[in-house]
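What follows is a single structure, and I will ask about it in a moment.
Quick note on labels: first sequence line is chain A, next is B, and so on, each numbered from 1. Since we're looking at a predicted model, the values are computed, not measured.
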Amino acid sequence: MSSTPLFNTPAPPPPSINRTTLSCSSTTAATNFPLSPNKLAVLLDKSNTIRQLLQIHAALLRHGLHQHPILNFKLQRSYSSRGRLDYSVALFKRTLNPNIFLYTSIINAYALHGLSLEALFIYTRMLFEGVQPNEFTFSSILKSCSIEHGKMLHSQVIKLGFDSDLYVKTGLVDLYARGGDVGSAQLVFERMLEKSLVSLTAMLTCYAKHGELEEARVLFDEMVKKDVVCWNVMIDGYAQHGMPNEALVLFRRMLAAKARPNEITILAVLSACGQLGALESGRWLHSYIENNDIQVNVRVATALLDMYSKCGSLEDARLVFDRIPDKDVVAWNSMIIGYALHGFSRDALELFQEMCRIGLRSTDITFIGVLGACGHAGLVKEGWSFFNAMRDEYDIEPKIEHYGCMVNLLGRAGQLEEAYELVKNMKMEPDPVLWGALLGACRLHGNLDMGEKIAESLVGHNLANSGTCILLSNMYAAKGNWEGVARIRTLMKDSGVQKEPGCSSIEVNNRVHEFLAGDLKHPKSKEIYLMLEEMNGWLKAHGYIPQTDIVLHDIGDLQKEQSLEVHSEKLALAYGLISTQHGTPIKIVKNLRVCSDCHAATKLFSKITGRKIVMRDRNRFHHFANGSCSCGDYW
DNA sequence: TTAGGGTTAG
């Protein structure tokens, strides 16, 4: 923290004091001196710029009012609220015997800047000087401190009898919420006799932040008065915890309730649209922003471009990107990642070079995009060179995610030994996600030996997740080793590991429809299955052979075929075909990697129907057209 | 005569 020594008493007045700005009446500027303290107080409250504050500060010094408690307090508060914590601190340090107002104010200033230790330091100094804290002091200091310090403060709050104060209690709820101690937050909250909208929102935030969305929703529904903050907390809670559809539905309710969304709402809902791949809703939101005076600053614009890219419309993403006047590295990263996600690796790398050319500093996220781009195009040499440059040229230490990108890149290119070496020589402990990437590569190249070695070690270290088990099981199944498959299935059952169900979704008329394999829940199931039958007829007529070897279960070939026919991807596609106009593109989002049988079948469907089909899976986009896919069957 | 402080979303 910097503390600029500002005014050596008496401070020289700033270069030119414009007396009219200091005057209370524009006609008698010069004769108004000496200014009375209350006039100065009014001026201080009206001052908007640091320059004006400095002028008033100079006037205080000239008139011997620089120890005036109220004026000093107002000036100090104004400095820190205008972003000059340094001036604020300098003023505090030069004040003799600060009173409780000034102490609380400087504590508040430090807390607002996230400098919790400095705030605590002032607090202890205050106690040492014999100044008693009050409820205002506690509500200020609680907002930045750690849960450990907060617990000590909590006991002082009780000891000094401030625990019935609404603001202090709200601060305590927030303290425990920030520290992840939902139980304690709840305890404080439940013992509040009086609850304000803010304290209710603090508790709501606590639930929503920690993924307790059901509890949050109960509280939210009980709230009689709802402001934009609590709508935002609830919507963002859904968006951040894998429930983007709920976020979108709630946003519609918010509009119906005539609540006015702000930038925060927009950012959360755009994220939800991106997760869902809900392009229609995203577009609607874009026009809502434009028609409702919501400022398209760099944050909103980046969220928009990210939404477009995740919803499959890279053209729109690029349009938004090009219109951002003050692009920061986050905007560049989003665009680079967008290109990588769609398999436009060259564009991603060119954009990266351009970003370097204009002198913007890359971040670790930039390299996720860059290495991802190399991975999707199989650019092994380039990938290595970027990976090494991270540390050597950009001073960025590769994180486990970057190793993951490299393992993907090497693994898919068939360089399994190199990938394995890289993982073994890492300084950090590999996590199941990283092993999963390597296992995936083993499966892709049919290297059962390495796959087994990795999987067994994971199982041995209790690190096997459902993905690991499924991959290994897939490998066994592909080799017809049903005994191995059965062993894995038993292992999964015994350890309670559950397979994440594959789910595909498609947006039609602003609503997102989700399908699981073999799903019969959709109101139009009958039509969907009729369409599926027709689709199977097309496949057969084109001599398509189902990839029954990827079916996990030890069942007959016919049953295997049948299980492939009702994969979630195909159900979503069938619904898309019956519910959208002929010739329009179909966009599908899958939560896992697209299955290779569905991939092959979709290529054919794109040819037969003449439709463009865009499929986003967990890893990347596939653009199907005329019988081929943009990934070049390399994914 | 008067005058000043605190809590929730990102």
Side-chain angles (χ1 to χ4, degrees), chain A residues 36-45 65 68-78 80-81 88 92 95 98-112 119 123 126 131 133-145 150 153 157 162 165-178 185 188-189 192 194-209 216 219-220 223 225-240 247 250-251 254 259 261-271 297-300 302-303 330:
Chain A
S36 66
N38 67 340
K39 283 179 183 165
L40 280 165
V42 172
L43 273 179
L44 266 172
D45 287 339
L65 289 165
H68 190 288
I70 295 165
L71 295 175
N72 239 2
F73 159 77
K74 278 180 180 280
L75 184 58
Q76 187 229 28
R77 183 183 55 175
S78 298
S80 62
S81 71
S88 185
F92 174 78
T95 304
N99 64 11
I100 182 67
F101 285 89
L102 206 63
Y103 269 118
T104 299
S105 178
I106 197 72
I107 286 171
N108 193 38
Y110 274 131
L112 279 175
Y123 173 74
M126 182 181 121
V131 177
N134 59 22
E135 58 271 45
F136 293 88
T137 323
F138 283 112
S139 60
S140 289
I141 198 164
L142 280 172
K143 76 178 144 207
S144 77
C145 69
L153 290 166
V157 162
F162 297 124
D165 184 89
L166 177 63
Y167 286 80
V168 175
K169 284 217 146 187
T170 307
L172 286 168
V173 171
D174 176 57
L175 164 83
Y176 289 115
R178 272 187 291 113
V188 175
F189 178 73
M192 287 175 84
E194 179 197 5
K195 284 167 187 160
S196 64
L197 177 60
V198 176
S199 60
L200 283 159
T201 311
M203 193 63 228
L204 182 71
T205 309
C206 177
Y207 288 135
K209 263 228 175 81
L219 187 59
F220 178 80
M223 288 170 77
K225 190 170 176 282
K226 294 183 177 81
D227 66 355
V228 64
V229 179
C230 61
W231 282 102
N232 288 351
V233 171
M234 197 66 232
I235 292 173
D236 193 52
Y238 282 136
Q240 302 271 331
L250 192 61
F251 174 65
M254 177 182 182
N262 63 13
E263 183 190 324
I264 312 298
T265 331
I266 297 300
L267 293 176
V269 183
L270 282 173
S271 156
N297 57 30
V298 65
R299 277 188 306 273
V300 173
T302 304
V330 183

Review point. Which part of the nucleic acid, if any, lies within contact of A:Asn38, taking any heavy atom under 4.0 Å across all strands shown: a base, the sugar-phosphate backbone alone, or nothing?
Key: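 Touches a base.
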**Study point:** Those residues that, when tested against A:Ser196, pass side-chain hydrogen bond (donor to acceptor under 3.5 Å, both in side chains) (two or more places apart)
**Key:**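 With sequence neighbours excluded, A:Ser196 shows a side-chain hydrogen bond (donor to acceptor under 3.5 Å, both in side chains) to A:Ser199, given in chain and number order.
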Review point. When you measure from the side chain of A:Ile70, which nucleotide among B:dT8, B:dG6, B:dA3 comes out closest?
Key: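 Of the options given, the side chain of A:Ile70 lies nearest B:dA3.
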Exercise for review: Could you pull out all residues at least two apart from A:Ser78 that satisfy side-chain contact (heavy atoms from CB on, under 4.5 Å)?
Suggested key: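 Per chain and number, A:Ser78 pairs via side-chain contact (heavy atoms from CB on, under 4.5 Å) with A:Leu53.
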**Study point:** Check: A:Tyr123 ring centre within less than 6.0 Å of A:Tyr103 ring centre
**Key:**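 Not under 6.0 Å, so no.
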Exercise for review: May I have the distance from A:Leu172 (atom CG) to B:dG6 (atom P), rounded to whole angstrom?
Suggested key: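 In whole Å, B:dG6 P and A:Leu172 CG are 18 Å from each other.
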Exercise for review: Tell me yes or no: between the side chains of A:Ser105 and A:Asn108, is some donor less than 3.5 Å from an acceptor?
Suggested key: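 Short answer, no.
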Check your understanding: What does A:Lys195 touch in the nucleic acid at a heavy-atom separation under 4.0 angstrom: a base, only the sugar-phosphate, or nothing?
Key ->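 If one applies the 4.0 Å heavy-atom cut-off, A:Lys195 turns out to touch nothing in the nucleic acid.
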Point to revise | Closest approach of A:Val168 to A:Leu142 (non-hydrogen atoms, all atoms of both residues) | key: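 Smallest interatomic distance, heavy atoms only, reads O-CD1, 3.9 Å.
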Exercise for review: Please report, rounded to the nearest Å, how far the P atom of B:dG6 is from the CZ atom of A:Phe162.
Suggested key: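 The distance from CZ of A:Phe162 to P of B:dG6 comes to 16 Å, rounded to the nearest Å.
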Practice item. Classify the side chain of A:Asn134 and the base of B:dG6 as holding, or not holding, a donor-acceptor pair under 3.5 Å. Key: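 Checked by distance alone, the answer is no.
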Check your understanding: What's the CG-P distance between A:Leu71 and B:dT2, to the nearest Å?
Key ->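 Atom-to-atom, A:Leu71 to B:dT2, this comes out as 15 Å.
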Review point. When the distance from CG of A:Leu43 to C1' of B:dA3 is rounded to whole Å, what number comes out?
Key: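 It works out to 14 Å between those atoms.
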Review point. For the pair made of CG in A:Leu250 and P in B:dA9, what is the distance, rounded to whole Å?
Key: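 From A:Leu250 CG to B:dA9 P: 18 Å.
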Check your understanding: Nearest of B:dA9, B:dG5, B:dA3 to any side-chain atom of A:Pro37?
Key ->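 Looking only at heavy atoms from C-beta outward on A:Pro37, the closest nucleotide is B:dA3.
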Check your understanding: Between residues 228-236 of chain A and DNA chain B, which residues have a heavy-atom gap below 4.0 Å?
Key ->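 Hits under 4.0 Å, by residue number: A:Val229, A:Asn232, A:Val233, A:Asp236.
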Practice item. Could you work out which one of B:dA3, B:dG4, B:dA9 sits closest to the side chain of A:Asn99? Key: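 Among B:dA3, B:dG4, B:dA9, the one nearest the side chain of A:Asn99 is B:dG4.
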Point to revise | Interatomic distance, A:Trp231 atom CH2 to A:Met223 atom CE [nearest 0.5 angstrom] | key: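 The CH2 atom of A:Trp231 sits 10.5 Å away from the CE atom of A:Met223.
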Point to revise | Face-to-face contact A:Phe73 to B:dG4 six-ring, under 5.5 Å, under 30° | key: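 It does not: the ring fails the test against the base of B:dG4.
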**Study point:** Which nucleotide in B:dG4, B:dG6, B:dT8 has an atom nearest any side-chain atom of A:Thr201
**Key:**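 Shortest atom-to-atom distance from the side chain points to B:dT8.
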Point to revise | Per A:Lys209 side chain, nearest of listed nucleotides B:dG10, B:dG5, B:dG6 | key: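 Selected nucleotide (nearest to the side chain): B:dG10.
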Practice item. Identify the two heavy atoms, one from A:Pro261 and one from A:Phe251, that lie closest to each other, and give their separation to 0.1 Å. Key: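 In this case the closest contact between A:Pro261 and A:Phe251 is CG-CE1, 3.9 Å.
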Review point. Base, sugar-phosphate, or nothing for A:Thr205, non-hydrogen atoms under 4.0 angstrom?
Key: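 Sugar-phosphate contact only.
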Practice item. Would you mind classifying the nucleic acid contact of A:Glu135 as base, sugar-phosphate or nothing, using non-hydrogen atoms under 4.0 angstrom? Key: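 Touches a base.
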Exercise for review: Give the rounded distance in Å between these two atoms: CG of A:Leu40 and P of B:dA3.
Suggested key: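 So the CG-P distance, A:Leu40 to B:dA3, works out to 17 Å.
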Point to revise | Rounded interatomic separation in angstrom, taking CG from A:Leu112 and P from B:dG5 | key: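 For the pair A:Leu112 CG and B:dG5 P, the rounded distance is 14 Å.
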Check your understanding: So, is A:Arg77 near the phosphate of B:dG5, with a side-chain N or O under 4.0 Å from OP1 or OP2?
Key ->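 For B:dG5, OP1/OP2 do have a side-chain N/O of A:Arg77 under 4.0 Å.
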**Study point:** Sugar-phosphate only, base, or nothing, as touched by A:Val168 at under 4.0 Å among non-hydrogen atoms
**Key:**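 Counting heavy atoms under 4.0 Å across all strands, the contact made by A:Val168 includes a base.
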Review point. So which heavy atom on A:Val233 is nearest to which on A:Thr201, and how close?
Key: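 That closest heavy-atom pairing would be CG2-CG2, 4.0 Å.
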Practice item. Could you tell me whether the side chain of A:Ser140 has a donor or acceptor atom within less than 3.5 Å of a complementary atom in the base of B:dG6? Key: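 Absent.
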Exercise for review: Ignoring the backbone of A:Asp227, work out which of B:dT8, B:dG4, B:dG6 is nearest its side chain.
Suggested key: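 My answer, after comparing the listed nucleotides, is B:dT8.
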Check your understanding: What is the distance from CD1 of A:Ile100 to P of B:dA3, rounded to the nearest Å?
Key ->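 Computing the A:Ile100:CD1 to B:dA3:P distance gives 18 Å.
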